[in-house]
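For reference, the structure discussed in these notes is given below.
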Amino acid sequence: MTTVHERADTFHDNDQKPVGYGRMLRKEDPRFLRGRGRYVDDVQLPGMLHLAILRAPVAHARIVSIDTSAAEASPGVRAVVTGAMLAQQGLAWMPTLSNDVQAVLATDKVRFQGQEVAFVVADDRYAARDALELIDVEYDALDPVIDARRALAPDAPLIRDDLEGKTNNHCFDWETGDEAATEAVFARADVVVSQDLVYPRVHPAPMETCGAVADFDAVDGKLRLWSTTQAPHAHRTLYAIVAGIPEHKIQVIAPDIGGGFGNKVPIYPGYVCAIVASIVTGKPVKWMEDRSENLISTGFARDYIMRGEIAATRDGRILGIRTNVLADHGAFNGTAAPVKYPAGFFGVFTGSYDIEAAYCRMTAVYTNKAPGGVAYACSFRITEAVYLVERIVDCLADELGMDPAELRLKNFIQPEQFPYTTKTGWVYDSGNYEPTMRLAMDMAGYAELRREQEEKRARGELMGIGIAFFTEAVGAGPRKNMDILGLGMADGCELRVHPTGKAVVRLSVQSQGQGHETTFAQIVAEEIGIPPADIEVLHGDTDNTPFGLGTYGSRSTPVSGAAAALVARKVRDKARIIASGMLEVSVADLEWEKGAFHVKGDPGTSVTIQDIAMRAHGAGDLPEGIEGGLEAQICYNPSNLTYPHGAYICVVDIDPGTAQVKVRRFIAVDDCGTRINPMIIEGQVHGGLTDGVGMALMEMIAFDEDGNCLGASLMDYLIPTSLEVPDWETGFTVTPSPHHPIGAKGVGESATVGSPPAIVNAVVDALKPFGVRHADMPLTPSRVWDAMRGQARPPI
Amino acid sequence: MQVPAPFEYERATSVDHAIGLLERLGSTARLIAGGHSLLPMMKLRLANFDYLIDINDLHGELGYIETGPDEVRIGALTRHRELLESTQLAAAFPIFADAERVIADPVVRNRGTLGGSLCQADPSEDLSAVCTTLDARCVIRGPGGAERVVSMEEFHVGPYETAVADGEMLIEVRLPVRPGCGSAYEKVERRAGDWAVVSAGAAVWLDGGTIVDARVGLAAVGPNTTGIPEISAALRGREPSESLFEQAGAIAAASCDPVTDQRGSVDYKRHLAAELTRRTLRRAVERARS
């Protein structure tokens with residue numbers, strides 16, 4: 001069971017809200033707790049029709065014919081649309097976020113099980129679903145490519161024959177680091193350890209599946225689209241490009257979103273189908289995926305087959321890290337990452353260690369599986385990078401006979417080395433790793449745990465202690481080298497203070513549960529002294545918020561949070577000038593205390609921000625050159641990413657008879673710089689740690705050899721419950737980001753990134769008496785039992 | 001949201017009413033009790049029925065646990081939660097409470113029923129393994145009130161198939177009571193609430209220090225929950241011991257017929273059959289002695 005520890009500074013009542021940073025109950029929670037959240041599926045418009053999608057039953061087949069006549073004649077059906085019909089409008093294919101194309105509806109052949117083939121629009125969702133059964137599609141089966149390791153075999157069937165000149169299933173090659181320098185350090189190292197690792201395909205499985213309501217008004221030419229999106233502005237621009245509707249005539253509205261985790265960054269064919277359906281029928285059209293559709297067709301995560309190599313001196317000095325990766329991208333390259341980063345931010349695989357050389361070579365391939373790759377709170381592939389480095393560091397510790405904590409402490413980048421440029425070119429902004437690691441070890445009682453383990457081993461009991469230390473790179477841009485389809489990764493923010501001193505702040509990012517309405521109110525409150533309760537946070541409506549790239553990759557606080565702080569400072573600067581007029585002193589004679597300006601040396605003579613707001617909108621003169629009103633707008637372009645870090649320690653017990661793993665304890669010490677609302681941070685950490693237990697122990701989107709998805713429901717794709725997780729023990733250190741206006745770093749994905757290697761390391765540590773050095777996720781009882789018998793196998 | 005194909009729905013007002021409807025509608029109709037297996041299958045369109053006959057209003061008639069000197073009788077509409085909370089059932093057969101604690105979650109247990117569990121005939125179903133272990137008899141009522149009583153071996157005729165014919169309904173489960181009984185159940189699952197990777201139930205009847213009879217029932221290792229007569233034969237007349245449990249486990253591993261799937265490999269499942277047989281026999285004997 002998860003329990004929340006009582007803390008002295010926990011706020012139990014709303015009268016104790018801070019004016020700025022600190023624990024505060026979430027402003028958005030009353031509506032969620034009372035069932036008053038408004039999600040896409042809650043949108044009901046007059047005359048609204050319902051759309052259902054026919055999906056491919058097989059992984060790879062040519063479409064011979066589609067007969068829709070019976071479906072068209074079915075009661076309540078308004079339209080049946082196939083890929084051929086979309087092709088006539090030039091809408092059968094759409095760009096992905098990675099400069100590939102993806103079929104909206106299949107025209108030539110289907111390339112993964114669950115691919116969109118046709119859609120029905122009907123009066124209700126039952127009629128639409130029933131009519132799907134009446135569409136008769138004749139398929140000519142083709143051999144599928146399921147195992148990524150065989151995708152480039154000379155006899156492998158060609159998946160992407162839609163791409164001109166394409167003769168194989170190669171997607172892209174990518175490399176980073178210095179191959180020759182790495183070769184040199186490996187050649188002179190005392191010890192080289194190599195380990196094959198698979199990070200299996202998993203799925204974010206948000207509680208709310210994907211969906212949209214499209215409402216195209218043929219008279220004014222305006223499209224309103226309510227959709228489950230983490231990036232409403234980016235989606236609007238892409239719809240303008242794909243559908244040819246002028247951008248000012250598109251309004252994308254992301255209402256309350258029931259979890260995203262990256263699953264709601266891509267544009268899915270269903271959204272486009274809903275738009276087309278509304279244009280065709282002249283009515284609003286709703287499309288909501290069911291659970292199986294979400295699991296089999298939308299953005300998956302991971303699917304990296306990696307070889308990790310680490311070189312070190314005999315006394316445990318790490319010299320170099322090298323890796324070779326085979327990436328399975330599915331049937332279309334639908335990766336949602338900055339375009340210049342086809343492997344996301346996997347380049348941070350050198351971790352938290354000061355090493356001499358590093359090199360990665362990656363090959364990505366197409367297979368007959370759903371597209372995606374970057375999702376599930378992965379910080380653009382940092383999950384894979386951290387898993388790789390933290391697993392091979394443990395393999396090295398095993399090889400050297402060193403304690404894994406000691407090995408990490410010996411190799412950390414030192415505080416005075418920051419900003420630190422890694423051997424793959426990433427500039428870590430700040431960090432102080434040892435205190436974080438020591439705090440986690442103290443909280444865990446590390447030495448005592450090792451003693452307990454020794455005693456238990458002597459009795460034949462299986463107990464394991466696993467450590468992971470991670471550094472993340474979050475908060476994309478800067479815009480000069482980070483963009484999505486040409487859209488620079490910066491974020492706008494607008495702050496307007498009303499005459500009575502209440503305020504509204506408009507964001508370009510989009511909450512999916514992160515608590516933006518609270519955190520951003522607190523950021524603004526800290527800067528201008530208006531209580532968070534008096535600040536309305538608006539987001540998710542492109543007509544009413546400034547442009548920006550949205551929420552994913554833990555970028556809201558690093559980018560938009562900076563924008564919110566800076567826009568508030570801009571407002572405060574103007575308020576200062578107005579205050580100088582009100583108090584009849586020069587600006588230089590004013591001092592700011594949170595919420596008011598007073599005359600230096602005379603604290604009794606002051607004006608509050610509320611007084612100033614009324615003056616800004618009221619009658620009477622303002623200082624010369626000052627316009628009325630109290631508002632400002634900004635677009636923040638980060639100068640660098642932020643680099644949070646953390647030390648995680650996991651303790652597991654394994655039943656020697658059944659091989660079941662029990663996570664007994666989990667200690668998570670996070671350093672995300674300045675902490676705005678510690679309660680929200682801890683909540684995000686708790687969620688991410690639970691995700692980690694899921695990935696490490698049970699989650700996997702598996703396929704059979706024909707390409708049938710074996711994880712098509714939550715009966716088959718397991719996600720953890722409160723019974724599988726321990727009482728989380730969280731702690732923190734604070735190393736502010738030097739370039740962020742308030743010193744904050746992103747934290748939303750830290751726990752998802754850091755926890756899987758800690759758990760796997762703990763399981764492998766527990767299995768040491770069996771001579772186990774590695775076992776791949778998911779560590780189900782059956783797979784752990786295989787490992788105990790020396791038969792650990794990759795999950796694919 | 002997953003939506004089922006069209007169907008008609010009627011609430012039965014008595015057992016005879018339900019049987020009358022079943023008789024008239026034949027194989028196109030299906031009874032619905034808890035619905036926690038049936039409705040997901042219908043929503044996934046793996047099961048399509050023209051008629052659903054809701055028997056939840058019959059709980060007054062078919063929801064009961066009656067413990068007598070020779071027999072425990074449980075109505076088919078008795079809910080999981082009632083089985084879990086019954087002290088008289090726990091006193092006679094603690095295996096029920098063991099199993100109910102690991103069946104799904106409280107929401108399912110509030111609604112799901114003993115009869116529904118047995119009639120679903122899922123090879124991984126826990127209560128089927130419990131009833132197999134306890135040598136239960138199933139009372140099936142047909143048109144005109146005719147009743148027949150079948151053993152668990154006869155009741156389950158294949159995966160998702162039972163001896164209940166069109167126009168018939170399972171109304172009661174009878175468990176024979178004999179002195180000196182101890183019973184236990186254990187399940188290995190990948191996650192709380194998941195179907196069993198393997199589970200085992202054991203019951204022993206002791207007279208003094210000797211095993212008069214013993215039964216083991218396994219779930220998820222064959223087309224139906226499996227009773228293993230060879231274990232009973234090997235244990236009868238013997239004194240309980242670790243080596244005897246070991247022997248029983250070996251028989252369990254050899255006698256079952258698992259398949260490799262997402263839950264585990266054949267070898268692992270056989271291993272579990274042995275491990276869980278040993279564990280449940282050990283606990284059943286402890287309970288019989290106490």
Side-chain angles (χ1 to χ4, degrees), chain A residues 41 50 52 75 124-130 132-133 209 211 286 288-294 655-661 693-694 697-704 710-725 778-786 788-789 791 793 795, chain B residues 1-7 36-37 39-46 48 101-102 104-108 122 124 186-200 220 245-246 249 258-280 282:
Chain A
D41 205 14
H50 295 263
D124 61 57
R125 63 178 64 177
Y126 291 88
R129 177 67 183 79
D130 291 344
L132 291 186
E133 318 235 316
T209 58
K286 178 186 281 183
M288 278 308 295
E289 258 170 9
D290 65 31
R291 178 60 60 193
S292 295
E293 291 180 288
N294 180 255
D655 182 324
T658 64
Q660 286 170 291
V661 176
V693 169
L697 301 184
M698 62 192 76
E699 295 181 26
M700 177 168 167
I701 295 286
F703 295 84
D704 69 13
L710 303 178
S713 79
L714 293 181
M715 269 194 314
D716 302 304
Y717 184 73
L718 296 185
I719 51 179
T721 73
S722 58
L723 296 176
E724 277 73 43
V725 302
L779 292 165
T780 60
S782 185
R783 294 175 46 74
V784 171
W785 189 68
D786 287 344
M788 287 165 69
R789 292 180 310 135
Q791 295 177 6
R793 279 186 293 257
Chain B
M1 186 177 83
Q2 273 150 327
V3 295
F7 62 88
H36 284 289
S37 296
L39 292 182
M41 289 174 76
M42 290 175 66
K43 286 181 165 193
L44 291 166
R45 301 200 180 204
L46 297 171
N48 296 304
R101 270 188 213 102
V102 292
D105 50 53
V107 176
V108 171
D122 189 301
S124 308
E186 191 162 337
K187 170 176 173 176
V188 169
E189 54 193 354
R190 294 174 299 172
R191 185 203 65 190
D194 189 21
W195 294 101
V197 178
V198 173
S199 63
F245 302 153
E246 198 73 34
V259 293
T260 293
D261 58 18
Q262 290 287 293
R263 291 192 171 80
S265 64
V266 164
D267 288 349
Y268 175 64
K269 290 180 181 182
R270 285 192 193 281
H271 164 78
L272 280 187
E275 178 72 23
L276 298 184
T277 294
R278 287 194 294 271
R279 288 184 184 191
T280 50
R282 199 179 293 137

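Note on naming: letters A, B, ... go to the chains in the order of the sequence lines (proteins, then strands), and numbering restarts at 1 for each one.
Across B/Asp267 and A/Arg789, no two heavy atoms sit closer than the pair CB-NH2, 4.5 Å. Between B/Arg263 and A/Ser782, the shortest heavy-atom distance links the atoms O-CB, 3.9 Å. Counting all heavy atoms, side chain and backbone alike, A/Asp786 lies closest to B/Ser265 at OD1-OG, 4.3 Å. Summarising the geometry of A/Thr780 relative to B/Arg190, their closest heavy-atom pair is CG2-CD, 4.4 Å, with the distance given to 0.1 Å.
Residues passing the side-chain hydrogen bond (donor to acceptor under 3.5 Å, both in side chains) test with B/Arg101: none are found, sequence neighbours excluded. In this structure, the salt bridge (Lys or Arg N to Asp or Glu O under 4.0 Å) partners of B/Glu189, at least two apart in sequence or on a different chain, are B/Lys187.
When the candidates B/Val188, B/Asp105, B/Leu44, B/Asp194 are compared by the number of heavy-atom contacts under 4.5 Å with chain A, B/Val188 comes out ahead. Contact tally against chain B (heavy-atom pairs below 4.5 Å) for A/Ile719, A/Asp41, A/Asp716, A/Thr209: the top residue is A/Ile719. When B/Gly193, B/Ala192, B/Gly264 are compared by the number of non-hydrogen pairs under 4.5 Å with chain A, B/Ala192 comes out ahead. Interface remark: of the candidates A/Ser292, A/Ala52, A/Gly211, A/Ser292 forms the most heavy-atom pairs closer than 4.5 Å to chain B.
For a residue to count as touching a neighbouring chain, one of its non-hydrogen atoms must lie under 4.5 Å from one of that chain's; by this rule A/Glu133 touches chain B with the side chain only. Only the side chain of A/Asp655 comes within contact range of chain B, judged by heavy atoms closer than 4.5 Å. Looking at B/Pro40, there are no atoms closer than 4.5 Å to chain A (heavy atoms on both sides), in backbone or side chain. Within the 4.5 angstrom heavy-atom criterion, atoms from both the backbone and the side chain of A/Pro781 approach chain B.
Formation of a donor-acceptor pair under 3.5 Å by the A/Arg291 side chain with backbone atoms of B/Gln2 is not found in this model. Between the side chain of B/His271 and the main chain of A/Gly657, a donor-acceptor pair closer than 3.5 Å is present.
To the nearest 0.5 Å, the span separating CG on A/Asp704 from CG on B/Asp261 amounts to 13.0 Å. To the nearest 0.5 angstrom, B/Lys43 atom NZ is 13.0 Å from A/Ser713 atom OG. Atoms CD and CE, on B/Gln262 and A/Met715 in that order, are 13.0 Å from each other to the nearest 0.5 Å.
Looking at B/Pro6 and A/Tyr126, their side chains never come closer than 4.5 Å, going by heavy atoms from C-beta outward. A/Thr658 places a side-chain heavy atom less than 4.5 Å from the side chain of B/Leu276.
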